[in-house]
Protein chains: 2
Amino acid sequence: MERITKQGTAILNAIQTAQRPLLAQEILEAASVEVPGMGIATVYRNIKSLVDNNMLTTVHLPGENPRYESAHHHHHHHFHCTRCQKVYDVHDCPGDLKQLAPKGFAVESHELTLYGACDVCLISPPPPSA
Amino acid sequence: MERITKQGTAILNAIQTAQRPLLAQEILEAASVEVPGMGIATVYRNIKSLVDNNMLTTVHLPGENPRYESAHHHHHHHFHCTRCQKVYDVHDCPGDLKQLAPKGFAVESHELTLYGACDVCLISPPPPSA
DNA sequence: TTGTATGCAAAGCGTTTGCAGTGAT
DNA sequence: ATCACTGCAAACGCTTTGCATACAA
């Protein structure tokens with residue numbers, strides 16, 4: 001990313017505006033509002049360069065395609081809503097988990113994903129589909 | 001799976017012998033020792049039917065292709081060795097994590113992955129590759 | 001004007017599926 | 001003799017890459 005393009009700007013805007021990690025496809029949809037007709041390849045190329053420049057972090061959740069969020073520099077986890085499939089940041093952490101590993105193993109880091117219902121889905125449950 | 005085939009037997013053997021979750025490719029390699037020439041599609045089809053019959057569980061780790069292990073019926077987590085890339089079961093659990101979620105969110109379950117070095121890699125570190 | 005970033009389309013990678021043939025019952 | 005299971009190859013969904021063009025500098 002050496003040049004500023006409207007596509008690049010729209011992509012960065014989309015990610016920074018969303019207060020949660022987005023899929024490549026969601027980034028495309030959000031950025032396309034600003035720049036209609038942009039291609040998914042451009043999204044991936046911009047993501048890659050933003051990740052390389054530490055402006056973005058990749059959020060890998062179990063069994064999910066990667067999502068992307070603005071690089072937070074503090075340790076955090078994620079909450080995956082099983083109703084709407086959206087992913088939210090969780091700023092709390094259970095703390096030291098070194099003692100959980102089998103004997104002789106050295107724990108260096110951990111990833112935690114919480115599952116359940118987000119506040120929106122708890123308040124307005126999806127209608128019982130026939 | 002209504003008929004017993006040598007491929008199916010070899011696949012189940014491979015998974016039960018391994019004391020850790022295996023990738024489809026690893027299952028193919030292990031089962032191929034017993035039944036040379038078997039195809040990856042057969043592995044996937046057998047996996048699917050074993051999972052449907054609750055003989056196998058799918059282990060999804062962040063950013064990883066799915067692995068498969070014999071269905072344990074107790075809650076457990078996984079340890080991913082960052083040296084050899086193997087995945088091991090962790091039978092311990094940090095316990096109640098409900099209070100970690102944002103206010104208004106309901107936690108129903110969680111997934112935890114530990115990262116670090118397994119016992120084998122700690123004892124025999126891979127040689128410094130030139 | 002220069003050459004990076006884009007859009008399109010093709011290629012990759014892991015997984016799934018269609019089809020004709022094999023082999024367990 | 002059936003017909004479920006297999007191997008092969010094509011199809012799929014997501015991501016990456018090649019190439020000619022557009023546009024930021």
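Below, chains carry the letters A, B, ... as their sequence lines are ordered, and counting in each starts from 1. Predicted model, so just to flag it, every value in this text is computed and none were measured. Quick note: numbers below take in every heavy atom, side chains included, and nothing from hydrogens, waters or symmetry partners.
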**Request:** Flag the pair B:Q25 / B:I40 as yes when at least one side-chain heavy-atom distance between them is below 4.5 Å, and no otherwise.
**Result:** yes
**Residues B:H75 and B:H110: side-chain donor-acceptor under 3.5 angstrom** = yes
**Asked** How many Å lie between CD on A:E64 and P on D:dC14, as a whole number?
**Response** 11 Å
**Item:** Between C1' of D:dA22 and CE of A:M38, the distance in whole Å
**Value:** 15 Å
**Message:** In the structure I gave you, are the side-chain heavy atoms of B:D89 and B:H72 within less than 4.5 Å of one another anywhere?
**Reply:** yes
**Within residues 23-37 of chain A, residues whose heavy atoms come under 4.0 Å of DNA chain C** = A:G37
**Request:** Calculate the interatomic distance between A:I47 atom CD1 and C:dT6 atom P; express it in whole Å.
**Result:** 12 Å
**Prompt:** Is any side-chain heavy atom of B:R20 closer than 4.5 Å to a side-chain heavy atom of B:L22?
**Reply:** yes
**Message:** Students often mix this up, so state it plainly: with edges at 30° and 60°, are the rings of A:H91 and A:H74 parallel, tilted or perpendicular?
**Reply:** tilted
**Prompt:** Do the side chains of A:E69 and A:T57 get nearer than 4.5 Å, heavy atoms only?
**Reply:** yes
**Message:** Is any side-chain heavy atom of A:Q7 closer than 4.5 Å to one of A:T42?
**Reply:** yes
**Prompt:** How does protein contact run along nucleotides 16-21 of chain D, one letter per nucleotide 5' to 3', with B for base contact, S for sugar-phosphate only, - for none, heavy atoms under 4.0 Å?
**Reply:** BBB---
**Request:** Please tell me if the side chains of A:M38 and A:V43 come closer than 4.5 Å, counting only heavy atoms from C-beta onward.
**Result:** yes
**Message:** I want to check something: taking the side chain as every heavy atom from C-beta on, are B:I27 and B:L23 in contact at a cut-off of under 4.5 Å?
**Reply:** no
**Asked** Is any side-chain heavy atom of B:H77 closer than 4.5 Å to a side-chain heavy atom of B:L114?
**Response** no
**Request:** Nearest whole angstrom, please: distance from the C1' of D:dC5 to the CG of B:L12.
**Result:** 16 Å
Got a list of protein N/O to nucleotides 23-25 of chain D N/O distances below 3.5 Å?
| residue | atom | partner | partner atom | Å |
| --- | --- | --- | --- | --- |
| D:dA24 | O3' | A:I4 | O | 3.2 |
| D:dA24 | N3 | A:R3 | NH1 | 3.0 |
| D:dA25 | OP1 | A:I4 | N | 3.3 |

